[in-house]
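Presented below is the structure to which this report refers.
Each chain gets a letter, A, B and so on, in the order the sequences are listed, and its residues count up from 1. Because only heavy atoms are used, hydrogens play no part in the values below, and waters and symmetry mates are left out as well, while side chains stay in.
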Amino acid sequence: MNGQAFRRAGGQIIDRTKPLRFRFDGKPYEGFAGDTLASALMANGVRLLGRSFKYHRPRGLMAIGSDEPNALITVRRDGNTEPNTRATMIELYDGLEATSQNAWPSLRFDLGAVSNAVSPMIPAGFYYKTFMGPTRHAWMFYEALIRRAAGLGFASREPDASSYSKMNAHAEVVIVGAGEAGLREAHAAGQTGVRVILIDEAAQPGGWLLRERDHSSIAPLIAAVREMPNVTILSRTTAFGVYDGLQVAAVERIQDHLPIVNARAPRQRLWLIRAQRIVLAAGAIEQPLLFEGNDRPGVMMAGAARGYINQFGAAPGSRVVIATNNDTGYQTAFDFAAAGLPVTAILDARDAAPEPLADEARALNIAVVARASIQRTVYSGALRGVVADVAGKSAQYDCDVVAMSGGWAPAVHLSTHLGGKPAFEETRGMFLPAALPSGISCVGAMTGEGLPKMSVAASSAERAFVDFQNDVTIKDVKLAHREGYRSVEHLKRYTTLGMGTDQGKTANIAGLSTMAALTGQPIAATGTTTFRPPYTPVSIGALGGLETGEHLRPLRRTPIQDWHEANGGLMAVSGLWKRPKGYPKPGEDILAAQIREARMVREAVGIVDVSTLGKIEVQGPDAAEFLDRIYCSPVKNLKIGRSRYGVMLREDGVVMDDGTLARLGANHYYVTTTTAQAAKVLAHMEYHAQVTWPELRVSIISVSDQFGAIAVAGPQSQRLLARLAGADAFDDATFPYPSLKSISFGGVEVRVLRASYSGERAYELHVPAAYALSLWEALLEAGAKPYGVEAMAILRIEKGHVAGPEIDGRTTPADLGLAKLVRMDKEFIGRRMLQRPGIADASRPSLVGLAPVDEASRIRSGAQITLTDVGKSAPMIGHVTSSCFSPVKGHPIALALISNAAEMRDKIVFARYPLRNETVAVRVVSAVFYDAEGARLHV
Amino acid sequence: MSDFRLRAEACLGAGAPPRSFGSLVHITERSPVFALEIAGFGAPNDGDVAHFQAALGAAPPAPGAVARGPAAEVLSVGPNRWIAIADTPMHFPPSENFAVTDLSSARGCFLLSGAKASTVLAKGTSVDLDPTVFTAGSVIVTRIGHFSAVVWRPSDGDGFAVLVSRSYARSFYDWVILASAEFG
């Protein structure tokens, strides 16, 4: 280790008793607790930190905070890898591993730098000119090469090993920025006793004051704020957006400064803070000067340069030239001198050097040169000096650091997220927050307070960088101007000015000033682009929070699910549920199992968990009237204790859902919906009860979770149930098909529906969910065996019952063969639209059955139906909706929707499945393959 | 076989015991729990209020409030909608102005307590849970993470009671465990 050759005395926030080891590009270094990666590398004399985005130019540190455009670094490794992190924001910890980006094979010798040599061939708008129009296909070829050569860091291909969290918070006052102004606001608001949240990016409050040679003056204020129990200070937290309703979004970096990440605790936390009042104290961002080679390592912001010395005792170099157009550059000179670092000269662009600052400088033997501005840097492997224009004459100054100050721009970003554009104030030469929404105020440097007047002099240097991160030069801005992209919004999109991870914090002002000079318009008329959240980059992980992996979606469980999982149920995801496809026996595949289970129901009895059905109680004096309007099928004449199949339509006449309606009392109905549409049907009913017919006295309550449901189906179902609840209860005379009866099973009242999905005699047992598992086990003990949803599907396809694949949001009752259910003599939702010619057209695709001509070939769901089996262009007359192997027919069958279905009956058509290049000749048959008379319901 | 008795299961079954994270977060399932949802057809008149009070031992609470009777807590869950919660079955005699629905099996009830209980909930809900805002005897219908929930501060204890739909209960419990992990 070569030691920290550039570490100087001072450095108020580092702890020299706590050395930390770290690696950069594999090479070991040492720093101190309190360092950032940037300050530690600086103390070690490392000047080259990255390669630029487009031209692969060598780049060093430019800033000290989150505005850093150049030093983008990848930290950690494997599943903890984080690319594109600014070295200025990475707190040093023991064992930190950091690597540079966008350079190959190494940072020092980067082959990609050839793009710098050919830069005249890749001007702004290169993509638009090269990969559009007739040559657009070239993109396919060059994409991989360009993506490799240009760009930022790489994300890990491994799953993120960190965890993240979200937090909601509320405060009467939220203050963004814990510099002096923010701290004073927090102190004042805290004294009123209300809840205050103070958000700050840095590891500790103090803001720019911490970068002064002596920051002890702020300590009492910090201590006073810390003592207030009602003030919460969120350090290492970046407020990145302000949203409607005075919400502040922020990311807290909880563990990024720790050597070992505790995976149980969040690495970062996303805060959503609702405020009564927001005070923005976001400070100001120093802006660069424009000269040829202003991007060379060693050229940095004057405020940052002295910050490194004062805060960390890290010297940016051994000899500095200060270039400034305002008074703040002088402080940098004084701080360099105080640290024993020679200052070659202060080059002040103004006509006269300010007194008494200039005197103070001269007293320190620092040359002060007025009317001086840098023309270009002298660089060969390292910064050697600058060539400046001094009152019209050229002069060279030796240095290895240029500390530049183009003035300070208020960090107006957060003040504009709700829509207000910042206003350019001519007298001060800066954009200031304007048109602030009610409840938001700004304080401190953000309002221009304490900042020198800005005067951005346009430069004629072609290769002066205005946007360091996106490699946008003055030449690019000129090109945009020449080609007509003069609006700042066009300028941004044509040149990429202000894009990237830094969002133009050090680029926008220079870019738009240059454009203003070119167009001859004032800056106020030129305007700025729109600042949008986030202020600084936010990890996708933080936005995801806890809701990842198995928690991405909630999982719903039926009350019987534990049993399915413990007893061989092959579980499959179905919406938010998991349901058993079937229960394969050892050595049996699911296809064999579902056929066995379907046969069992046809021949004996089986039970299936249908708890996922939607279940709704509709009560009230107007319940009958309400449901009569909801369903297109009749409701009002349903007798108490009876049930029936019901269909409801959308307003456009298309079937929305089907299910069972049962009348429990004069003003009390129990209705079921399909599993998939349960939530939608409930919302549909609620909407119409509250909005369309508020005069109806009706209550709609979901009882989907109250009742588990078990279908008991098969010719032996009645006998099975009689064993559990007595034969009398299931006498057909008092419990006919279709009806509902409350029957006691083991001391619990169960709503039993005589309904059938399979076509066999069947009963649906709706039991309070707490007892569902116990009832399921009692049925098994009484001799029943379970079947899964695949067998259930076979049974319903054989019966020609429609389900989700047929009720697909495009089909009318007539399309589904349900026209006879529709009662046109009443009003119901969808009635008017049912009469439209297109909806009533007899040639619309409607439901048919299909059977393979060879009685063997499989028909695939989704297959296209054509009249001929030749030619790619044979017109499609419909598609297969559902298909299965039918145990009762002994061959595959399918349901389909085809045009002119009545005329097509008994004809041979073709089911074509291009994905597998299959064509099956099929005969159009009745959709009901089994027991068309319905006799099995009563066996 | 007809002499068998069905047994009731807690909504998490036997697989989810009470959990504690340090001394900061404790979660337990309240079981058995009985719930009735009472919906009024319009605002209750004096007779309705008397009927309600006779049935549950408490008058219908105002929006956002919990009323406590001798046997039941009554939560306001919407305009003219209430949920009554008790440890034993309740009886609400039929009334033409109220729709009454038994939801005893439909909901899982969890109790969250400890110094970080509100922090855990704040990871999932935007409700202001500060004790000066969400005071004892307050109730709100909200979302916690993915889950629709009724949250209230029991008037006789610390912490929070949370009512979620039974089918989501396990998933909700797992989410609370995940959100509490950093505390122990």
If you compare all heavy atoms of [X] against all heavy atoms of [Y], which two are closest, and at what distance to 0.1 Å?
| X | Y | result |
| --- | --- | --- |
| Phe41(B) | Gly620(A) | CZ-CA, 3.2 Å |
| Gly747(A) | Arg5(B) | CA-NH1, 3.6 Å |
| Phe745(A) | Phe4(B) | C-CZ, 4.1 Å |

Are any of the side-chain heavy atoms of [X] and [Y] separated by less than 4.5 Å?
| X | Y | result |
| --- | --- | --- |
| Arg81(B) | Ile701(A) | yes |
| Thr101(B) | Gln619(A) | yes |
| Arg557(A) | Arg170(B) | yes |
| Glu9(B) | Ser774(A) | no |
| Glu182(B) | Asn262(A) | no |
| Tyr168(B) | Leu555(A) | no |

Side chain, backbone, both or neither: which part of [X] has a non-hydrogen atom closer than 4.5 Å to chain A?
| X | answer |
| --- | --- |
| Thr119(B) | both |
| Phe147(B) | side chain |
| Ala8(B) | both |
| Val133(B) | side chain |
| Asn80(B) | neither |

What part of [X] gets closer than 4.5 Å to chain B, counting heavy atoms only: side chain, backbone, both or neither?
| X | answer |
| --- | --- |
| Arg553(A) | backbone |
| Leu696(A) | neither |
| Ile254(A) | neither |
| Leu272(A) | neither |
| Ser699(A) | both |
| Trp271(A) | neither |
| Ser702(A) | backbone |

Exercise. Is any NZ, NE, NH1 or NH2 atom of the basic residue among Arg195(A) and Asp130(B) found under 4.0 Å from an Asp or Glu carboxylate oxygen of the other?
Worked result: yes
Exercise. Would you call Arg7(B) and Glu777(A) a salt bridge, using N to O less than 4.0 angstrom?
Worked result: yes
Problem set entry | Any donor-acceptor N or O pair under 3.5 Å, side chains Asp705(A), Ser167(B) | yes
Is the side chain of [X] donor-acceptor paired with the backbone N or O of [Y] at a distance under 3.5 Å, no angle test?
| X | Y | answer |
| --- | --- | --- |
| His551(A) | Leu178(B) | no |
| Asn168(A) | Thr125(B) | yes |
| His170(A) | Ser126(B) | yes |
| Gln706(A) | Ser104(B) | yes |

Looking at [atom1] of [X] and [atom2] of [Y], how far apart are the two atoms once the value is rounded to the nearest 0.5 Å?
| X | Y | atom1 | atom2 | answer |
| --- | --- | --- | --- | --- |
| Arg166(B) | Arg556(A) | CZ | CZ | 13.0 Å |
| His146(B) | Leu546(A) | NE2 | CG | 9.5 Å |
| Phe707(A) | Ser105(B) | CZ | OG | 8.0 Å |

For chain B, which of [options] has the most heavy-atom pairs under 4.5 Å?
| options | value |
| --- | --- |
| Glu547(A), Arg269(A), Glu550(A), Glu617(A) | Glu547(A) |
| Leu270(A), Val767(A), Val698(A), Val703(A) | Val698(A) |
| Ala265(A), Pro554(A), Ser611(A) | Pro554(A) |

For this session: Taking atom CD of Glu749(A) as the centre, report whether more than 12 heavy atoms of other residues, nucleotides or ligands fall under 6.0 Å from it.
Result: yes
For this session: Might you work through the side-chain contact (heavy atoms from CB on, under 4.5 Å) test for Lys123(B) and Lys166(A), ending with a clear yes or no?
Result: CA-CA 5 Å; Lys123(B) 290 185 180 192; Lys166(A) 290 183 194 171; 5.6 Å; no
